[in-house]
Amino acid sequence: MSISYRMGRLSARIFGEVVRKTTKSQYKVVKYFAQRPWRKELINYYPPIDKYNSLTLKLRSLGLYRDEHLDFAEAMQAQRKARGKGAPSKGQGKRAKKGK
């Protein structure tokens, strides 16, 4: 592939244009999917995940919600620390031991 061909494809990707050559009927589909949805329900389809995550973390700290995945991750981290697998504390790494 020549550099001009690759640069053309890259610029098309950056500016949101069609990368490959398309026929008139194919471009009609591209234009259709590029439009914004006309129903308001589709725009607000996904819930606000950030709000839900912060709320569940707050409820978990109060003891009102149980997140089994986070419980498991904390238990695994505690096991790793008990086996001595965590990161060394500041000034105790390989480079600090090297000079002694």
Note to self: Looking at Arg60 and Glu74, is any side-chain nitrogen of the basic one under 4.0 Å from a carboxylate oxygen of the acidic one?
What the structure shows: yes

Next item on the list: Give the intermediate values and the outcome of side chain to side chain contact (heavy atoms under 4.5 Å, CB included) for residues Lys85 and Lys81.
Entry: CA-CA 6 Å; Lys85 295 287 186 177; Lys81 191 169 180 98; over 6 Å; no

Notebook entry, point to check: For the hydrophobic clusters of this structure (ILVMFWY residues joined by side-chain heavy atoms under 4.5 Å, transitively), does one cluster hold both Tyr5 and Leu10?
Noted result: no

Next item on the list: Output the rest of the hydrophobic cluster of Phe72: all Ile, Leu, Val, Met, Phe, Trp and Tyr residues reachable through side-chain heavy-atom contacts under 4.5 Å, sorted by chain and number.
Entry: Met76

Item checked: Value rounded to 0.5 Å, distance of CG in Leu55 from CG in Asp50 -> 12.5 Å

Checklist line | Atom CD of Gln77: over 12 foreign heavy atoms under 6.0 Å | finding: no

Note to self: If I take atom CG from residue Asn53 and atom CG from residue Asp67, how far apart are they, to the nearest 0.5 angstrom?
What the structure shows: 9.0 Å

Item checked: Other residues, nucleotides, ligands: >12 heavy atoms within 6.0 Å of Arg66 CZ -> no

Check: What's the spacing between Ile14 CD1 and Met7 CE if we round to 0.5 Å?
Finding: 7.5 Å

Checklist line | Atom of Gly93, atom of Pro88 and distance for their closest heavy-atom approach | finding: CA-CG, 4.0 Å

Item checked: Value rounded to 0.5 Å, distance of CZ in Arg6 from OG in Ser2 -> 9.0 Å

Check: Of all heavy-atom pairs between Val18 and Arg20, which one has the smallest distance, and what is that distance?
Finding: CG1-O, 3.2 Å

Checklist line | Note, Leu57 side chain near Leu70 side chain (heavy atom, < 4.5 Å) | finding: yes

Next item on the list: Carefully, step by step, assess Tyr32 and Lys28 under the rule side chain to side chain contact (heavy atoms under 4.5 Å, CB included).
Entry: CA-CA 6 Å; Tyr32 177 77; Lys28 193 175 180 182; over 6 Å; no

Checklist line | Same apolar cluster (I L V M F W Y, side chains within < 4.5 Å links), Val29/Tyr27 | finding: no

